Amino acid sequence: MALLIRKVFLFGAILTAALQVTSITLPNLNRRQAATSVVTSSASDSFASADVPSVGATPAQSWNHPGQFHLSKNFTITATPNTRYYDWTISQKTIAPDGLERPMLLVNGMFPGPLIEANTGDRIVVKVTNSLVNGTAIHWHGMFQNGTNWMDGSGGVTQCPIPPGQSFTYNFTVPQQWGTYWWHAHAASQYVDGIVGPFVIHSPDEAHLKQYDEDVIVMLSDYYHTPSPTLVSWYLSPASDGSEPVPDNGLINGRNFFNCTLDPVSLFPTHAPCHSNAPRSVFDFQPGLRYRIRIINAGSFADFQFSMDNHTLSVIEADGVDMQPVEVNRIPIHVGQRYSAIVKANQKVDNYWIRAQMNLNCFNEENPALDASVKALVHYAGAPASQSASSTDWADEAWPGRCLDLEARMLKPFIARDAPTADVQVILDMSFQKITKKRVSLGYVNETSWVPLKKAATLFQANKGKIKFAASQFVITLNQTQTVELVVNNYDEGSHPFHLHGHQVYVVGEGKGRYIPGESPLNTFNPLRRDTVTLQTFGYTVLRFVNDNPGMWPFHCHINPHLDAGLMVQFLSLPSAVKAFKIPAELKKMCAA
Ligand SMILES: *[C@@H]1O[C@H](CO)[C@@H](O)[C@H](O)[C@H]1NC(C)=O
Ligand SMILES: *[C@@H]1O[C@H](CO)[C@@H](O)[C@H](O)[C@H]1NC(C)=O
Ligand SMILES: *[C@@H]1O[C@H](CO)[C@@H](O)[C@H](O)[C@H]1NC(C)=O
Ligand SMILES: *[C@@H]1O[C@H](CO)[C@@H](O)[C@H](O)[C@H]1NC(C)=O
Ligand SMILES: *[C@@H]1O[C@H](CO)[C@@H](O)[C@H](O)[C@H]1NC(C)=O
Ligand SMILES: *[C@@H]1O[C@H](CO)[C@@H](O)[C@H](O)[C@H]1NC(C)=O
Ligand SMILES: *[C@@H]1O[C@H](CO)[C@@H](O)[C@H](O)[C@H]1NC(C)=O
Ligand SMILES: *[C@@H]1O[C@H](CO)[C@@H](O)[C@H](O)[C@H]1NC(C)=O
Ligand SMILES: [Cu+2]
């Protein structure tokens, strides 16, 4: 391992010249200008929450808009559908979320990007203008896109990337779902470089609507000082020996402290200008109120354990599905997943640490620059403003050792549904193998390691009636509206948060080793439903979903390097309906660019 680290140092040093930051641009946008959220009628509140930075924040971080993470009371939760318009421009900017300057890819100059806030049934219209040098596509993580599969934003699957200099308008509705979601680039590894934001859907039917007074978003992410194309090419080279790049830091709502003296010992030193006084995020609590905390892991590799000193977390939602409340001290949350928890501001007026502890057991490598305990603060009104707290972590051990989800049997959906009986079973074997000439470890589902198509999208091919796809595309065709049982055997030592686009799946079974039909126990009685499920190391997972949403749906590991290494399959659901899709011509035209 030490040898490997030395190799990395050398490699990092060579790269440094190419990564030197030349200028720093501080976009001077306020949130309203930035988001240009032209919202119809009563919904003009979408971006209206206070623009004042929280206690302790430095106003210099003009790209960061803490106000949008505290949802405004002015937002009207209603069942009357509305159209919400957003106008986004994606461009490269040099900013310093944790004090170290680096080029990032940002929407409207914001990091994290603009909040989308809507009600169930609303229409969302987002005009995306691409001012990058590469094509891009935006995916709306967890949206069903029922009847609008081509708005899913998956590069090479449901669309060709939006070419540089061009615009595309995403336009879809969000019926029959609510809760906490997010959006992110789904082209190359771009979201790792900043193209991410929260997406919240309200509904008067939400189970726990009356159980909280305030509504707050906590976006967690791991964070690299080096742009992702460099990380990915290293990862997909023999030099990495299959080890994922380990983050330099982590962020909470786009902020954290970084000790600049540690940059030289990073796996990828940058030598970029760095300011050791970047502020952490601060969440203001009013004593006596109840807060809904929406935790989103918008990172690319690390599994976090989320906790708040002296405050228990009552989990009420997982990936947009309301849960019967369950009280915990810590929530493990893997990439792509979301949880809501209710927290009572019932402790002594003081400052408390919020902790997002990266699970180092999931990493093969060490990064000496990384402080794996990512922090933010709760500040009770009346306590002194501070960037620090004297509170201590819960006494119980943060990590059981391996990288696992909150146990499925702890999470019981509030609206109980038994898993329907399976009509058809699909078995997938997931592994990493070094079988290429280049001695690079690639991700395989059965015999296929996914490589995105160039100037083509599998959806458009299916729309033309194609049923056989390129060898790099593992497309599983599901002809009928029926219940699919998806068994995934993980033959890898790592755990993998798999996300199925367009669906919520029933998690009916999990265990060690290979799935053995008839022997591995299943629970079909109101099992957990969600859209991103962690496959445990050397274990099996059994999922079920109803194949009633026509389209080409990726099922992939959300760990970004693993997706780049090919860990993806696609379900072609209801091909005859897909053939009948009237896909906008402008979308298909982007393949010619
Ligand atoms: C909410 O609406 C009221 C009345 O229109 C307005 O005075 C207030 O500034 C708004 N609050 C926010 C956070 O936008
Ligand atoms: C554009 O894409 C190429 C190929 O993936 C990559 O090498 C390059 O770094 C990207 N440029 C930016 C600014 O992200
Ligand atoms: C969005 O789609 C709806 C339904 O197809 C259509 O009526 C509307 O004009 C579209 N809006 C935009 C801005 O493209
Ligand atoms: C930063 O790291 C250096 C070297 O490990 C250490 O001496 C210093 O105390 C650290 N500074 C802060 C503010 O943590
Ligand atoms: C937080 O909890 C710890 C352990 O129970 C306790 O010792 C401490 O006094 C609490 N802190 C405050 C500010 O209430
Ligand atoms: C994947 O491979 C396994 C093991 O060979 C096989 O049982 C399964 O049917 C394959 N899955 C598909 C969708 O082809
Ligand atoms: C699905 O339909 C296609 C075209 O009709 C057919 O070739 C294929 O065998 C069918 N697949 C299954 C699993 O029935
Ligand atoms: C999708 O729409 C079809 C037809 O309206 C409906 O039968 C099905 O239940 C919907 N599925 C989802 C996941 O919304
Ligand atoms: Cu993975």
Side-chain angles (χ1 to χ4, degrees), residues 15 18-19 21 90-94 102-106 130-136 155-156 161 163-164 185 187-195 226-236 242-244 285 287 299-303 307-312 329 334-336 344-353 362-364 378-380 382-383 389-396 403 430-432 441-445 449-452 454 488 490-499 532-537 541 555-569:
L15 288 166
L19 295 169
V21 175
I90 309 183
S91 60
Q92 185 174 318
K93 295 241 154 65
T94 291
R102 58 152 291 188
M104 293 188 73
L105 312 181
L106 305 181
N130 181 7
S131 297
L132 301 172
V133 300
N134 288 323
T136 191
S189 53
Q190 288 172 353
Y191 93 81
V192 182
D193 296 319
I195 310 176
T226 300
S228 68
T230 302
L231 303 173
V232 170
S233 46
W234 176 77
Y235 176 60
L236 297 179
S243 293
E244 301 80 2
F285 269 24
S300 59
F301 178 37
D303 191 11
S307 64
M308 293 168 73
D309 292 355
N310 291 67
H311 295 78
T312 53
N329 288 348
H334 218 318
V335 176
K344 292 191 175 124
N346 59 3
Q347 297 296 300
K348 214 176 83 207
V349 167
D350 204 341
N351 297 302
Y352 296 86
W353 287 120
C362 312
F363 302 168
N364 289 339
V378 165
H379 169 258
Y380 273 65
S390 54
S391 64
T392 48
D393 196 2
W394 296 106
D396 57 314
C403 311
M430 202 232 86
S431 63
F432 274 83
S441 185
L442 294 178
Y444 287 82
V445 182
S449 183
W450 177 70
V451 181
K454 290 207 167 59
V488 191
N490 176 10
Y491 290 99
D492 184 55
E493 63 182 355
S495 67
H496 301 273
F498 262 70
H499 170 45
T532 307
V533 180
T534 302
L535 312 181
Q536 55 178 278
T537 62
T541 305
F555 177 58
H556 67 91
C557 179
H558 219 297
I559 290 181
N560 186 72
H562 295 174
L563 180 59
D564 287 322
L567 266 193
M568 180 167 113
V569 299

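Sequence positions, counted from 1, serve as the residue numbers for this chain. Atoms within a ligand are numbered from 1 in the order they appear, just like the ligands themselves. Keep in mind it's a predicted model, so treat the numbers as computed, not measured.
Within the 4.0 Å cut-off (strictly below), a protein heavy atom is located near atom 2 (O) of ligand 5. For atom 8 (C) of ligand 2, a protein non-hydrogen atom is found at a distance below 4.0 Å.
The shortest N or O to N or O distance between Asn310 and ligand 5 is below 3.5 Å. Considering backbone and side-chain N/O of Gln92, none are found under 3.5 Å from N/O of ligand 2.
Around atom 14 (O) of ligand 2, the closest heavy atom drawn from Thr136, Asn134, Asp193 belongs to Asn134. Heavy-atom proximity to atom 6 (C) of ligand 2, evaluated over Ser233, Pro229, Ala187, Ser189, is greatest for Pro229.
Each of the atoms 13 (C) of ligand 5 lies under 4.0 Å from some heavy atom of Lys348.
The protein non-hydrogen atom at the shortest distance from atom 13 (C) of ligand 5 is Tyr352 OH, 3.2 Å.
Among heteroatoms of the N, O or S kind in His562, ND1 lies nearest the Cu ion (ligand 9). Take the N/O/S atoms of His496: the one nearest the Cu ion (ligand 9) is ND1.
Between Phe301 and Phe363, the ring planes lie parallel to each other; the angle is under 30°, not in the 30° to 60° tilted range. His499 and His556 have perpendicular rings, their planes meeting at more than 60° on a 0 to 90° scale where under 30° would count as parallel.
Side chains of Leu231 and Asp564 form no contact here, defined as non-hydrogen atoms less than 4.5 Å apart. With a 4.5 Å cut-off on side-chain heavy atoms, Leu106 and Ile90 do not count as touching.
In this structure, Tyr191 has its ring center closer than 6.0 angstrom to the ring center of His558.
Going from atom CE of Met568 over to atom CZ of Phe555 covers 11.5 Å, rounded to the nearest 0.5 Å.
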Worked check of side chain to side chain contact (heavy atoms under 4.5 Å, CB included) between Thr537 and Asp492: CA-CA 6 Å; Thr537 62; Asp492 184 55; over 6 Å; no
